[in-house]
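I have placed the structure first, in the form of structure tokens, so that the comments after it can refer back to it.
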2 protein chains.
Amino acid sequence: MEDIYSLMTEFLKAFSHPLRLKIVEYLSETEKSVGEIVKYVDGEISNVSRHLALLKKAGILLDRKEGLNIYYHMKNPCIMDFYNCINKAVKSNLEMNRDLLDKIM
Amino acid sequence: MEDIYSLMTEFLKAFSHPLRLKIVEYLSETEKSVGEIVKYVDGEISNVSRHLALLKKAGILLDRKEGLNIYYHMKNPCIMDFYNCINKAVKSNLEMNRDLLDKIM
DNA sequence: TTACTACTTGGTAAAGTAATCAAATAAATT
DNA sequence: AATTTATTTGATTACTTTACCAAGTAGTAA
């Protein structure tokens with residue numbers, strides 16, 4: 001049985017890539033086809049495809065086939081709360097460092 | 001200049017290790033010496049030391065020397081909000097999967 | 001049935017991450 | 001000055017992650 005720290009780590013790792021974060025943000029509102037995602041993130045198709053597979057495996061995205069296209073979407077829209085939380089934490093951390101810098105200089 | 005996705009990724013990666021998460025939680029209230037941390041997480045000292053160095057470099061921890069001991073503490077207590085957010089997101093995701101499972105079976 | 005489009009997968013090489021043991025530092029004590 | 005204690009760092013090894021190109025699959029249309 002896995003401990004909570006390992007579960008948290010697995011979850012975090014799924015988000016820990018610039019391309020994957022960009023994909024998640026892009027999918028926050030509506031589903032998009034692989035082709036649309038590739039265009040948006042400006043990546044290589046095979047690479048993007050692998051990142052999508054990873055996000056799906058991690059339980060963050062789901063896909064749906066329609067004709068030739070495969071559409072990906074958020075499995076749980078609440079995940080965007082988490083995404084926003086990362087964003088906020090990073091910004092707060094950056095600002096904090098700037099505050100420290102201002103104090104010193 | 002780095003983009004926001006890379007900054008977010010760096011930040012996430014700092015948390016993406018079971019030992020590091022456990023350390024961060026342990027330090028949520030008060031500072032602790034390396035020895036105390038090693039005992040608590042039950043790891044090898046040189047390994048724990050490296051994880052601490054990483055967390056410090058990532059801007060999450062600060063250290064303070066007193067005699068033979070080095071005490072680590074959270075640089076920005078608000079980071080615990082983020083920690084709790086990870087926890088919550090993981091649990092919500094697990095529950096969601098269980099809900100789906102319940103629906104199917 | 002051939003060819004085309006959208007996407008995934010295999011193979012591989014490069015880069016990054018982590019654990020371990022031994023050696024090094026640095027402060028405190030004898 | 002030598003020893004002990006607390007911690008970091010170097011070197012090595014194993015493992016994981018990522019990118020890339022080429023080949024494969026699976027629908028669609030001619």
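Worth saying up front: this structure is predicted, and the values here are computed from it rather than measured. Chain identifiers are assigned alphabetically (A, B, ...) following the order of the sequence lines, protein sequences preceding nucleic acid strands; residue numbering begins at 1 within each chain.
By the 30° and 60° cut-offs, the orientation of the rings of B:Tyr40 relative to B:Tyr26 is parallel.
The distance from atom CD1 of A:Ile45 to atom C1' of D:dG24 is 14 Å, rounded to the nearest whole Å. Rounded to whole Å, atom P of C:dA26 lies 19 Å from atom CD of B:Glu66. In this structure, CG of A:Leu54 is placed 12 Å from C1' of D:dT16, rounded to the nearest angstrom. Across the protein-nucleic acid pair, A:Lys32 atom NZ and C:dC7 atom C1' stand 18 Å apart, rounded to whole Å. Between the NZ atom of B:Lys57 and the P atom of C:dG16 there is a distance of 11 Å, rounded to whole Å. Distance B:Asp63 CG to D:dT8 P: 7 Å, rounded to the nearest Å. Atom CD in B:Glu44 sits about 13 Å away from atom C1' in D:dT7, given to the nearest Å. Rounded to a whole Å, the CG atom of B:Asp42 is 15 Å from the C1' atom of C:dA19.
Defined by atom type and a distance below 3.5 Å, a donor-acceptor pair is missing between the side-chain atoms of B:Tyr71 and B:Glu36. The closest side-chain donor-acceptor pair between B:Asn84 and B:Lys88, if any, does not fall under 3.5 angstrom.
Using a 4.0 Å heavy-atom criterion, one finds that B:Ile70 contacts the sugar-phosphate atoms exclusively. In this structure, B:Tyr71 reaches neither bases nor backbone, as no heavy-atom distance under 4.0 Å exists between it and the strands shown.
Positionally, the nearest nucleotide of DNA chain D for B:Leu68 lies more toward the 5' end than for the other of B:Ser49 and B:Leu68. Comparing A:Ala53 and B:Asn47, the nucleotide of DNA chain C nearest to each residue sits closer to the 5' end for A:Ala53.
The CG atom of A:Leu27 lies 12.5 Å from the NZ atom of A:Lys22; values are rounded to the nearest 0.5 Å. How far CD1 of A:Ile60 is from CE of A:Met74: 7.0 Å, rounded to the nearest 0.5 Å.
Side-chain N/O atoms of B:Tyr72 include none lying less than 4.0 angstrom from OP1 or OP2 on D:dA6. Regarding contacts with the backbone of D:dT17, every side-chain N or O of A:His51 stays at 4.0 angstrom or more from both OP1 and OP2. Contact annotation: A:His17 reaches the phosphate of D:dA19 (side-chain N/O to OP1 or OP2, under 4.0 Å). Contact check, B:Arg50 against D:dT7: no side-chain N or O comes under 4.0 Å of OP1 or OP2.
You'll find that the side chain of B:Lys13 is closest to C:dT17, out of D:dC21, D:dG27, C:dT17. Among the nucleotides C:dA26, D:dA6, D:dT8, the one closest to the side chain of B:Asn69 is D:dA6. Listed nucleotides D:dT7, D:dA22, C:dA27 differ in distance to B:Lys65; the shortest reach to its side chain belongs to C:dA27.
Between the side chain of B:Ser46 and the base of C:dC21 there is at least one donor-acceptor pair of N/O atoms closer than 3.5 Å. Below the 3.5 angstrom threshold, one finds no donor paired with an acceptor across the side chain of A:Ser33 and the base of C:dC7.
Outside the 6.0 Å centre-distance limit, the rings of B:Tyr83 and B:Phe15 are not counted as a close aromatic pair.
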